[in-house]
Amino acid sequence: MRFASPVLLLLGPLGAFAAEPAPIHWKKTVIDRAFRSEGVAIADVNRDGKTDILVGDVWYEAPTWRVHRIRPGKDDYRQGDANVYSRCFNCWADDINADGWPDLIVVSFPGEACHWYENPRGQPGDWKQHEIWHSACNETPLYADLFGTGRRVLVMGWQPKGKLREGQMAWFAPGPDPTQPWQMHPISEPSRPGQPVPGTFRYDHGLGIGDLNGDGRNDVIVTAGWWEQPARDEGKPWTFHPANLGEPCADMFTYDLDGDGLADVISSSAHNYGIWWHQQRRSPAGQVTFVKHTLFPKLFSQSHALHCVDINGDGLKDLVTGKRWWAHGPKGDVAPNDPAVLYWFEATKGSDGMVRFVPHLIDDDSGIGTQFVVADFNGDRLPDVVISNKKGVFVFEQRRGP
């Protein structure tokens, strides 16, 4: 179904454009007002047919949202403190040990070890912790279907122990025994002193996957360029193509916005203003360059996570992002105390073949974390949004109609 583009209004306090209510609207449910985490996952934890929410230390049981502990937390069930950092920057649910029960992957803090937690299959007590790897770097690690096989792998940078000026980009998957550290598969060459590998340090910003060269295989993208996925995985580093793909950002997506058949790159600023697309251009000799275009220069700041997904079912991928409120506290970064907004950006295609985005405000008192979920939460086949951050834990269920 296609919806008419709404009229844009200028909002004085935000100093930016926002949209009138769209035919799509959202039911907001506040799950918890405590600061639990900056990442969130969803799964049917207890296999009762209802979708639950997981935020690292705890999980919320649908439909009453009763809290259950996964691992010891700094406050257990007390209110979180929005002036400190969480111990869950990213998390994803998956059945790691193939026992039919969803487990939880957690990246605790950039640069530290990441783990997976084994679902106790309905039994009480903390979930058993297993280390995946001793170092998880880049603030946007990905758990994604890198190879188009339907099987997700963990894509991230990592650093050798005690070598904070060296790093390597890699993908990780469990070996025969998933309780042991996962198998590391190189994407980049290992760095050497004075030769850092871009995107592989603990606080680096910007990481994505997508087919940049049109060969049908997903490449791995950072702000300084991209690694080309080979036709066959032989356990060797992939070829790196240097490119200027903008400022420090969050998730990066490939998207042909200008209709020329070449994949462009969309990204958003983690700690400043900006949502951008980088237009791919090729010379007659085949040289590739990228031209930066700003989509929304000062709509809001600190869009530390981004999704590119079809929200309204029209076949075009839309964008979903918002403000990571108080990323570094009430005095850090740019405009930290502005409203914690959440937006979806409707993609429209003109007669010139160009994709443009129309912003729709979902909420102004929630925002995003460093990773969030866009998926069908309630089984109605419409994408919903699930978030955990310094404002709390929220579900936004998509509704249609007036």
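Position 1 is the first residue of the sequence, and the numbers go up from there. Predicted model, so just to flag it, every value in this text is computed and none were measured.
Using a cut-off of 4.0 Å between Lys/Arg side-chain N and Asp/Glu carboxylate O, D94 and R152 are scored as salt-bridged. A salt bridge links R71 with D57: the closest approach of a Lys/Arg side-chain nitrogen to an acidic carboxylate oxygen falls below 4.0 angstrom. Of the charged side-chain nitrogens involved, at least one lies within less than 4.0 Å of a carboxylate oxygen, so that R33 and D365 count as a salt-bridged pair.
Legend: residues meeting side-chain contact (heavy atoms from CB on, under 4.5 Å) with R66, ordered by chain and number and at least two apart, are E61, T64, H68. Residues passing the side-chain contact (heavy atoms from CB on, under 4.5 Å) test with N244: none are found, sequence neighbours excluded.
Other residues, nucleotides and ligands place more than 12 heavy atoms under 6.0 Å from the CZ atom of R47. Heavy atoms from other residues, nucleotides or ligands lying under 6.0 Å from NZ of K163 number 12 at most. The 12-atom threshold is exceeded at NZ of K292, counting heavy atoms of other residues, nucleotides or ligands nearer than 6.0 Å.
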Using the ring pair (Phe, Tyr, Trp, His ring centres under 6.0 Å) rule, take Y343 and F296 through it: C-alpha gap first, then chi angles, then the decisive distance, then the call.
CA-CA 12 Å; Y343 274 84; F296 301 97; 8.3 Å; no

side-chain contact (heavy atoms from CB on, under 4.5 Å), that's the test. Do Y143 and V153 meet it? Break it down for me.
CA-CA 5 Å; Y143 188 60; V153 300; 5.6 Å; no

Can you check side-chain contact (heavy atoms from CB on, under 4.5 Å) on M184 and Q168, steps first, answer last?
CA-CA 10 Å; M184 189 276 290; Q168 183 173 19; 4.0 Å; yes

Check against side-chain contact (heavy atoms from CB on, under 4.5 Å), S267 and H278
CA-CA 8 Å; S267 61; H278 302 270; 3.5 Å; yes

Run the side chain to side chain donor-acceptor pair (under 3.5 Å) check on N213 and E228 step by step: do they pass?
CA-CA 8 Å; N213 59 356; E228 179 182 351; 3.2 Å; yes

Could you walk me through whether H134 and W158 pass the ring pair (Phe, Tyr, Trp, His ring centres under 6.0 Å) test, one step at a time?
CA-CA 8 Å; H134 71 271; W158 69 277; 5.7 Å; yes

Set out, in order, the CA-CA distance, both residues' side-chain angles and the distance that settles side-chain contact (heavy atoms from CB on, under 4.5 Å) for V265 and W226, then state yes or no.
CA-CA 11 Å; V265 177; W226 54 283; over 6 Å; no

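Between C137 and F201, every side-chain heavy-atom pair lies at or beyond the 4.5 Å cut-off. W59 is listed as a side-chain neighbour of W127, based on a closest heavy-atom distance under 4.5 Å. Counting heavy atoms from C-beta outward, L164 and Q159 have side chains that approach closer than 4.5 Å. A 4.5 Å side-chain heavy-atom check between N389 and R324 finds every atom pair outside the cut-off. With contacts defined as side-chain heavy-atom distances shorter than 4.5 Å, the pair E38/K390 qualifies. Side-chain contact between D338 and F300 is absent, with no heavy atoms from C-beta onward closer than 4.5 Å. Using a 4.5 Å heavy-atom threshold, the side chains of L319 and C308 count as touching. Residues V358 and F345 fail the side-chain proximity criterion, which asks for heavy atoms closer than 4.5 Å.
Formation of a donor-acceptor pair under 3.5 Å by the T321 side chain with backbone atoms of A305 is found in this model. In terms of modelled atom types and a separation under 3.5 Å, the side chain of N119 and the main chain of V45 share a donor-acceptor contact. The closest donor-acceptor contact from the side chain of Q287 to the backbone of R282 lies at 3.5 Å or more, if one exists at all. H205 places a side-chain N or O within 3.5 Å of a backbone atom of Y203 that can act as its donor or acceptor partner. In this structure, the side chain of S191 engages the main chain of G167 through a donor-acceptor pair within 3.5 Å. A donor-acceptor contact shorter than 3.5 Å is absent between the side chain of Q229 and the backbone of W238. No donor-acceptor distance shorter than 3.5 angstrom exists from the side chain of Q398 to the backbone of D384, with no hydrogens or angles considered. At distances below 3.5 Å, not a single donor-acceptor pair connects side-chain atoms of D363 with backbone N or O atoms of G367. Between the side chain of S388 and the backbone N or O of V393 there is no donor-acceptor pair closer than 3.5 Å. Between the side chain of W276 and the main chain of C249, no donor-acceptor pair closer than 3.5 Å is present.
Atom-to-atom distance recorded for L257:CG and Q280:CD is 12.0 Å, nearest 0.5 angstrom. Summarising the geometry, atom CD1 belonging to I24 is positioned 7.5 Å from atom CG belonging to D318; distances are rounded to the nearest 0.5 Å. Interatomic distance, CG of D260 versus CZ of R281, reported as 9.5 Å (0.5 Å rounding). Between atom CD of residue Q302 and atom OH of residue Y273 there is a gap of 9.0 Å, rounded to the nearest 0.5 Å. The line from CZ of R399 to CG of N378 is 6.0 Å long, rounded to the nearest 0.5 Å. How far CD1 of I132 is from CD of Q180: 13.0 Å, rounded to the nearest 0.5 Å.
In this model, no donor atom of one side chain and acceptor atom of the other lie less than 3.5 Å apart for N337 and W325.
Residues W277 and L295 share a closest heavy-atom pair of CD1-CD2, 3.5 Å. In plain terms, the two heavy atoms of A224 and F240 that are nearest each other are O-CZ, 3.5 Å. Counting all heavy atoms, side chain and backbone alike, S86 lies closest to F89 at O-CE1, 3.8 Å. Contact detail for D95 and N97: the closest heavy-atom pair is OD1-OD1, 3.1 Å. Taking all atoms of both residues into account, the shortest heavy-atom contact from S303 to A250 is O-CB, 3.7 Å. When all heavy atoms of I387 and I368 are compared, the pair lying nearest together is CG2-CA, 4.0 Å.
No option in W171, F172, W133 other than W171 meets the ring-ring contact (aromatic ring centres under 6.0 Å, His included) test with H185.
Note on residues 190-217: pairs passing salt bridge (Lys or Arg N to Asp or Glu O under 4.0 Å), not counting sequence neighbours, are D215-R217.
Note: H271 and H328 have parallel aromatic rings, judged against thresholds of 30 and 60 degrees for the angle between ring planes. The aromatic rings of Y255 and F357 stand perpendicular to each other, their planes meeting at an angle above 60°, with 30° marking the opposite boundary.
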